[in-house]
Protein chains: 2
Amino acid sequence: MRLLLVEDDRLLAEGITSQLEKAGFSVDITHTAKEAVILGEQEDYKAGVLDLGLPDGNGLDVLRQWRSSKVTFPVLILTARGDWQDKVNGLKAGADDYLAKPFQTEELIARLNAIMRRSEGRVHSTVKVGRFELDENRQCLQIEDGTEHSLTGTEFRLLRCLMGRPGHIFSKEQLMEQLYNLNESPNENIIEAYIRRLRKLVGPETIATRRGQGYLFNDAV
Amino acid sequence: MRLLLVEDDRLLAEGITSQLEKAGFSVDITHTAKEAVILGEQEDYKAGVLDLGLPDGNGLDVLRQWRSSKVTFPVLILTARGDWQDKVNGLKAGADDYLAKPFQTEELIARLNAIMRRSEGRVHSTVKVGRFELDENRQCLQIEDGTEHSLTGTEFRLLRCLMGRPGHIFSKEQLMEQLYNLNESPNENIIEAYIRRLRKLVGPETIATRRGQGYLFNDAV
DNA sequence: CACGAACCTGAACTCTTTCTGAAAATCCGG
DNA sequence: CCGGATTTTCAGAAAGAGTTCAGGTTCGTG
């Protein structure tokens, strides 16, 4: 679940990032408007967090440029407390939500989850495929036979990706992009390793291999 | 993999086409806006390349008309170098990417592949001939009796080629060109070997041999 | 009708990709 | 700084895809 955080205060950015990563996101940080525009257009994020005050330009311009170039992921803007104007302009420019500084990271996470769910057209925070149900709040997998398994961060992100689109083939490269940000680039064998662990939970048939193409979550029970 | 190329410079159009065909696309050319609108609406293309300067109308109007009549395939527009305005208007009108003239055909191919990949998630792209349906996302073949077979990379590329133009005879040399690049040049018997594998799936009658000419996918059920 | 060319067929071979189990490295709370 | 949980790497085994081969069959032509 990749996010882009645009925030010029480096210390604050680091703080937010470390908490977001604990919550299971993979975060790219940028401090400038220019880089933000490029990253947003080129990388495949699931959401963006945008501070409006940037050294080299207005955050709203970043947002407008994204929207005019078909960047569709949901964006949450950070505004100074009580700055009504910024909020209205932001929503006009295509933002999906806003949050006044200062804020609790918990609230940021909650709101991010909300706009991401909304953008996917879902309401429930659980993904159900066949006899499996993935609980996004508790980060655990329930199986129809009553058993329940809690997942580690990486296990969860990978499984959510696969279960989010049952029957669709994800290449190893795509999965790498979803799990890791630009800085991290572990051995591609890591995907195989995690696929193996997930199979121990869901059974070997449930996650199928398409040799040379990738992996898919079987939607047939 | 059918494309529509809208370009009024006939010489340029021919040149681009021959290279695109080498890259495995099957290209229809048109030189007028009027014909472009009709073809785009009636035929089932996987992508379009649209030059903005046309003798009988503006390319952007073609694009707008397509989009308003539910033509969803991704479109790449060709603009004059540095014409910022065209680019922005194009993206607003529903283009998926743009390329400034003059360009390298390699770049055109790379961008086409990119926008097609991006649009894959949204559009369910399948080729249907008789009682067979080839799913290009999942790289598998569905038959009317309900069975489904996943294909290996080479099987898929060969079958897509044949099914992309049912009834048309492809020579072994042409098929070789579709499946392999200049560096690879395996024994020509490889085509026979794969044809045999495909026949085991679709039945011996469905892929006919024209001795001395090539193979074709039978249009009639 | 006989002959060669083109095509078919099944199996064997090679090479790449994936699986697997375990060990090493890293992270994190106490 | 320690110990457990988690992540990452590694290397050999297994499986699968791609390719070749050798011999058989069919077809068209002279």
Query - No-hydrogen, no-angle side-chain donor-acceptor test under 3.5 Å, R197(B) and T154(B) - result: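 No pair is found: no donor N or O on one side chain lies under 3.5 Å from an acceptor on the other.
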Query raised in the report: Does the side chain of R157(A) pick up a donor-acceptor pair with the side chain of T152(A) at under 3.5 Å?
Result: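 Their side chains do not contain a donor-acceptor pair, so the 3.5 Å distance test is not met.
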Is the phosphate of [N], meaning OP1 or OP2, less than 4.0 Å from a side-chain N or O of [X]?
X       : N       : value
K172(B) : dC7(C)  : yes
R211(A) : dC19(C) : no
Y215(A) : dT17(C) : no
T154(B) : dA17(D) : no
Y180(B) : dT19(D) : yes
Y194(A) : dT18(C) : no
T152(B) : dG18(D) : yes

Query raised in the report: What closest approach, in Å, do R2(A) and Q178(A) show between heavy atoms, and which atom pair accounts for it?
Result: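 Heavy atoms of R2(A) and Q178(A) come nearest at CG-O, 3.7 Å.
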Query raised in the report: So what does R197(B) touch, heavy atoms closer than 4.0 Å: a base, only the sugar-phosphate, or nothing?
Result: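 Here R197(B) touches the bases of the nucleic acid.
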To the nearest Å, how far apart are [X] [atom1] and [N] [atom2]?
X       : N       : atom1 : atom2 : answer
E192(B) : dA11(C) : CD    : P     : 18 Å
L158(A) : dT6(D)  : CG    : P     : 16 Å
L198(A) : dC19(C) : CG    : C1'   : 15 Å
E155(B) : dA17(D) : CD    : C1'   : 9 Å
R157(A) : dT6(D)  : CZ    : P     : 13 Å
I207(A) : dC19(C) : CD1   : C1'   : 14 Å
I169(B) : dC7(C)  : CD1   : P     : 12 Å
L179(B) : dA17(D) : CG    : C1'   : 14 Å

**Report entry** R111(A) with D97(A): basic N within carboxylate O range, under 4.0 Å
**Finding:**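 Counted as a salt bridge, because a side-chain N and a carboxylate O are separated by less than 4.0 Å.
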Query raised in the report: Between dT8(D), dC19(C), dT19(D), which nucleotide has the shortest distance from any of its atoms to the side chain of I190(A)?
Result: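 Nearest to the side-chain atoms of I190(A), counting from C-beta on, is dT8(D).
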Query raised in the report: Counting side-chain heavy atoms from C-beta on, which of dT8(D), dT19(D), dT18(C) comes nearest to T209(A)?
Result: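 Closest of the options to the side chain of T209(A): dT18(C).
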Query raised in the report: If you measure from CD1 on I16(A) to CG on L3(A), what distance do you get to the nearest 0.5 Å?
Result: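 Rounded to the nearest 0.5 Å, the CD1-CG separation comes out at 11.0 Å.
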Query raised in the report: Does a distance-only test, which skips hydrogens and angles, find a donor-acceptor pair under 3.5 Å between the side chain of N189(B) and the base of dC21(D)?
Result: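 Indeed there is one.
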